[in-house]
Amino acid sequence: MRTAKGQRAIRLRIYGIRTAWDTVGDGEFFCPCCGGDRNYRRLTGRRRLTVLGLPLLARGSAGSVVECAACGTHFEPGTLDQPTTNRFSAMLREAVHAVTLAVLAAGGSTSRTVLETAAAVARDAGLDDCSQERLFTIVEVLAADTGSGDGTDPDAEACGAALAIELHETLKPLAPHLAVAGREALLLRGARVALADGPYTQAERQVLTTVGSALQLCPADTAKLLEAARTPS
């Protein structure tokens, strides 16, 4: 005598629902399962009723998934929003470069001490080719843009309209992928440059406040970090 479980197993062998996957794209992504950069395939699925293993009737779409080429795990398409390890490293280097230049432009100082500190901060972030001479040249070019706004945007007055825009465009996409400690560390890199030649100027503090905002740090935390950076360790 067959049990209910046995009868269900027989029915599943006779008919069931299967999903057919079609590849619609590929690339490289950060696989949460593997914990590293891997190739992926983007798949769209179609469900079909099968009888004796033969697909007969369509049963709608199974949606879209991302399949890791290494482990075969399926993920939601939103997984592709996470940058790869290589892309994340590049984003972090770009962020440090943007913050360093913004602080230099706001401070208006090209003293040897400031340029040495700025170059050291940039090289620590992996920008090995960032020299004092290169920073001096860029700051001189940016100086032409300083205060070029119409007076309605304080960020533009502090570091130049183009550089203010670059700060937001560079830091905001990075912020969701950084832990709070990482965002704070990035702000403190800028503070280190600003303090290399003495206390913050009003323009430097304003730019660093803008950096904190773009990094999704609350104003109170940004102010505390800037004050803490002034105290020798």
Side-chain angles (χ1 to χ4, degrees), residues 88-149 153-172 174-175 178-233:
F88 179 77
S89 297
M91 291 170 69
L92 191 56
R93 290 193 297 269
E94 292 167 3
V96 172
H97 191 248
V99 170
T100 301
L101 289 178
V103 172
L104 285 175
S109 174
T110 54
S111 71
R112 182 177 181 83
T113 300
V114 173
L115 289 174
E116 282 181 350
T117 302
V121 166
R123 287 194 295 270
D124 287 346
L127 295 163
D128 298 331
D129 60 346
C130 190
S131 65
Q132 296 180 46
E133 293 75 15
R134 181 177 179 182
L135 287 173
F136 177 83
T137 300
I138 297 175
V139 171
E140 287 293 295
V141 172
L142 290 172
D145 185 51
T146 302
S148 62
D153 186 349
D155 294 338
E157 292 181 5
C159 62
L163 200 53
I165 293 173
E166 182 181 348
L167 268 179
H168 285 281
E169 291 182 345
T170 304
L171 300 181
K172 283 189 175 181
L174 175 65
L178 278 176
V180 173
R183 285 178 271 149
E184 292 178 345
L186 183 51
L187 175 66
L188 291 174
R189 288 175 187 262
R192 178 183 167 191
V193 176
L195 294 169
D197 61 346
Y200 303 116
T201 65
Q202 181 179 356
E204 287 171 341
R205 185 179 289 276
Q206 190 172 41
V207 167
L208 290 169
T209 299
T210 299
V211 170
S213 175
L215 289 172
Q216 299 179 6
L217 296 172
C218 73
D221 288 343
T222 296
K224 288 178 182 178
L225 287 167
L226 295 182
E227 288 306 308
R230 297 177 60 181
T231 305
S233 56

Colleague: Take Glu227 and Lys224 through the test salt bridge (Lys or Arg N to Asp or Glu O under 4.0 Å) and record every step on the way to the result.
Modeller: CA-CA 5 Å; Glu227 288 306 308; Lys224 288 178 182 178; over 6 Å; no
Colleague: Nearest 0.5 Å, please: how far is CD in Gln132 from OG1 in Thr137?
Modeller: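 Thr137 OG1 to Gln132 CD: 11.5 Å, rounded to 0.5 Å.
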Colleague: Can Leu195 and Glu204 be said to form a side-chain contact (heavy atoms from CB on, under 4.5 Å), step by step?
Modeller: CA-CA 9 Å; Leu195 294 169; Glu204 287 171 341; over 6 Å; no
Colleague: Donor-acceptor pair, Tyr200 side chain versus Leu226 backbone, under 3.5 Å?
Modeller: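 Yes, the answer is positive, given that a donor and an acceptor are paired below the 3.5 Å cut-off.
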Colleague: Restricting to salt bridge (charged side-chain N to carboxylate O under 4.0 Å, His left out), what partner residues turn up for Arg134, sequence neighbours left out?
Modeller: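 Applying salt bridge (charged side-chain N to carboxylate O under 4.0 Å, His left out) to Arg134 gives Asp129.
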Colleague: Report the distance from atom CD of Glu169 to atom CD of Glu166, rounding to the nearest 0.5 Å.
Modeller: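 Rounded to the nearest 0.5 Å, the CD-CD separation comes to 8.0 Å.
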Colleague: Any idea which heavy atoms bring Ala119 and Ser131 closest together, and the distance?
Modeller: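 Looking at all heavy atoms of both residues, the shortest contact is CB-C, 4.3 Å.
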Colleague: Look only at the side chain of Arg123 and the backbone of Cys130, and say whether a donor-acceptor pair between them is shorter than 3.5 Å.
Modeller: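 Yes.
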Colleague: Before giving the answer on side-chain contact (heavy atoms from CB on, under 4.5 Å), spell out for Leu167 and Val211 the whole-Å C-alpha distance, their side-chain angles and the decisive distance to 0.1 Å.
Modeller: CA-CA 7 Å; Leu167 268 179; Val211 170; 4.1 Å; yes
Colleague: Does Arg112 have any salt bridge (charged side-chain N to carboxylate O under 4.0 Å, His left out) partners at least two apart in sequence or in another chain, and if so, which?
Modeller: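 Salt bridge (charged side-chain N to carboxylate O under 4.0 Å, His left out) list for Arg112, sorted by chain: Glu116.
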Colleague: Which pairs pass salt bridge (Lys or Arg N to Asp or Glu O under 4.0 Å) with one or both residues in residues 96-105, sequence neighbours excluded?
Modeller: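 The answer is none; no pair qualifies.
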Colleague: Just to verify, what does Asp128 make a salt bridge (charged side-chain N to carboxylate O under 4.0 Å, His left out) with, not counting sequence neighbours?
Modeller: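 So Asp128 forms no salt bridge (charged side-chain N to carboxylate O under 4.0 Å, His left out) with any residue.
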Colleague: Do the non-hydrogen side-chain atoms of Asp221 and Val180 ever get within less than 4.5 Å of each other?
Modeller: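 Asp221 vs Val180: side chains apart.
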Colleague: Within the structure provided, determine whether Gln216 and Leu171 are in side-chain contact (heavy-atom separation under 4.5 Å).
Modeller: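 No - every pair of side-chain heavy atoms lies 4.5 Å or more apart.
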Colleague: Sort and list the pairs that fulfil salt bridge (Lys or Arg N to Asp or Glu O under 4.0 Å) and have at least one residue in residues 180-194, not counting sequence neighbours.
Modeller: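 Sorted result for residues 180-194: Asp124-Arg192.
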Colleague: Can you tell me how far CG of Leu135 sits from CG of Leu115, rounded to the nearest 0.5 angstrom?
Modeller: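 Leu115 CG to Leu135 CG: 6.5 Å, rounded to 0.5 Å.
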Colleague: Pairs of donor and acceptor atoms involving the side chains of residues 88-107, under 3.5 Å and at least two apart or interchain, shall be tabulated with distances.
Modeller:
unit_1	atom_1	unit_2	atom_2	d
Ser89	OG	Thr85	O	3.1
Thr100	OG1	Val96	O	2.8

Colleague: Going from OG1 on Thr210 to CG on Leu215, what distance comes out if it is rounded to the nearest 0.5 angstrom?
Modeller: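 Going from OG1 on Thr210 over to CG on Leu215, the span is 11.0 Å.
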Colleague: CZ/Arg205 to CG/Leu208 distance, rounded to the nearest 0.5 angstrom?
Modeller: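 Between atom CZ of Arg205 and atom CG of Leu208 there are 8.5 Å.
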